[in-house]
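Here it is, the structure in full.
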Amino acid sequence: MSDFQLNHVNIPARDPDGLVRWYVETFGLRAEGNKARGPGVLLVFKPGEPVKRAPELHLGFQVPSNAKLAEWAHKFSATITKGEEFNTFQVSDPEENCLEIYCARDS
């Protein structure tokens, strides 16, 4: 078993403060300077050009159930794709970072 875990992700942004605000307002995270933080989530926004490599590069956010996934999909006007293991949809944040919101297929 590994003795390390993913702690945070640094994301380049043209407007780090604006992106923090968007993640706080959209997902209910807390703002801490250039960071958006919540249970199990730490996103750090640094000045720079966004890495536009969707869908290969994306941030995955897991929700606990298909009911919650449907709520989020409705909020983003997105269509859910049903898979063998997960149901999912993808959207972009204001700086075109790709976000995948998903849940276990049978949840």
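Residues take their numbers from the sequence shown, with the count starting at 1. Computed from a prediction, not measured in an experiment: that's the story for all the values here.
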Hey, could you give me each pair passing salt bridge (Lys or Arg N to Asp or Glu O under 4.0 Å) that has a residue in residues 59-73? Not counting sequence neighbours.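 The answer is Lys68-Glu71.
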
May I ask you to decide if Cys103's main-chain N or O and Asn66's side chain share a donor-acceptor pair within less than 3.5 Å?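 Such a contact is absent between Asn66 side chain and Cys103 backbone.
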
Go through the structure and list residues passing ring pair (Phe, Tyr, Trp, His ring centres under 6.0 Å) with Tyr23, not counting sequence neighbours.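 By the ring pair (Phe, Tyr, Trp, His ring centres under 6.0 Å) rule, Tyr23 matches Phe27, Phe45.
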
Might you point out which heavy atoms bring Gly60 and Tyr102 nearest each other, and give the distance in Å?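 Between these two residues, the closest heavy atoms are C-CE2, 4.0 Å.
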
Partners passing side-chain contact (heavy atoms from CB on, under 4.5 Å) against Ala104 (at least two apart in sequence or in another chain):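 If we apply the side-chain contact (heavy atoms from CB on, under 4.5 Å) test to Ala104, skipping adjacent residues, the hits are Asp106, Ser107.
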
Report the residues that fulfil ring pair (Phe, Tyr, Trp, His ring centres under 6.0 Å) with Phe76, sequence neighbours left out, ordered by chain and then residue number.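 Phe76 satisfies ring pair (Phe, Tyr, Trp, His ring centres under 6.0 Å) with no other residue.
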
Measure the shortest side-chain to side-chain distance between Ile11 and Val44 over non-hydrogen atoms and say whether it is less than 4.5 angstrom.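 No. Closest side-chain heavy atoms not under 4.5 Å.
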
Should Phe61 and Val20 be counted in the same cluster of Ile, Leu, Val, Met, Phe, Trp and Tyr side chains packed under 4.5 Å apart?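 Yes, Phe61 connects to Val20 through the hydrophobic network.
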
Taking the side chain as C-beta and beyond, is there a heavy-atom pair between Leu59 and Cys98 under 4.5 Å?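 No, their side chains stay 4.5 Å or more apart.
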
Show me the pairs that pass salt bridge (Lys or Arg N to Asp or Glu O under 4.0 Å) and involve residues 73-96, at least two apart or across chains.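 Found Lys52-Glu96.
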
Could you pull out all residues at least two apart from Pro47 that satisfy side-chain contact (heavy atoms from CB on, under 4.5 Å)?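 Residues passing side-chain contact (heavy atoms from CB on, under 4.5 Å) with Pro47: Pro16.
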
Which pair of non-hydrogen atoms, one from Ile80 and one from Ala73, has the smallest distance, and what is that distance?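 So the minimum-distance heavy-atom pair works out to CG1-CB, 3.7 Å.
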
Can you sort out the partners of Phe89 under ring pair (Phe, Tyr, Trp, His ring centres under 6.0 Å), two or more places apart, ordered by chain and number?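 Residues passing ring pair (Phe, Tyr, Trp, His ring centres under 6.0 Å) with Phe89: none at all.
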
Qualifying side-chain hydrogen bond (donor to acceptor under 3.5 Å, both in side chains) pairs, either residue in residues 31-48, two or more places apart: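 Qualifying pairs: Arg30-Glu32, Glu32-Arg37.
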
Quick one: does Asn7's side chain get under 4.5 Å of Leu42's, heavy atoms only?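 Asn7 reaches Leu42 side chain to side chain.
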
Val9 with Ile101, same ILVMFWY side-chain cluster at under 4.5 Å: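 Val9 and Ile101: one cluster.
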
Using side chain to side chain donor-acceptor pair (under 3.5 Å) as the criterion, list what pairs up with Thr81, not counting sequence neighbours.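 Expected list: none.
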
To the nearest 0.5 Å, what is the distance between CD on Glu100 and NE2 on His58?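 The NE2 atom of His58 is 4.0 Å from CD of Glu100, to the nearest 0.5 Å.
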
Where is the tightest heavy-atom contact between Leu29 and Ala36, given as atom of each residue plus distance?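 So the two residues come closest at CD1-CB, 3.9 Å.
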
Could you work out, with side chain to side chain donor-acceptor pair (under 3.5 Å) as the rule, every residue matching His8, not counting sequence neighbours?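 With sequence neighbours excluded, His8 shows a side chain to side chain donor-acceptor pair (under 3.5 Å) to no residue whatsoever.
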
Looking at residues at least two apart in the chain, or sitting in another chain, which of them share a side chain to side chain donor-acceptor pair (under 3.5 Å) with Gln62?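 Once residues adjacent in sequence are excluded, Gln62 has no partner under the side chain to side chain donor-acceptor pair (under 3.5 Å) criterion.
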
Salt bridge (Lys or Arg N to Asp or Glu O under 4.0 Å): which pairs involve residues 1-20, sequence neighbours left out?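 Residue pairs passing salt bridge (Lys or Arg N to Asp or Glu O under 4.0 Å), neighbours aside: Arg14-Glu49.
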
Is there a continuous path of hydrophobic side-chain contacts, each under 4.5 Å between heavy atoms, that joins Val24 to Val41?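 Yes, Val24 connects to Val41 through the hydrophobic network.
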
Return the minimal non-hydrogen interatomic distance between Asn97 and Leu19, and the atom names on each side.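 Here Asn97 and Leu19 meet closest at ND2-CD2, 3.8 Å.
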
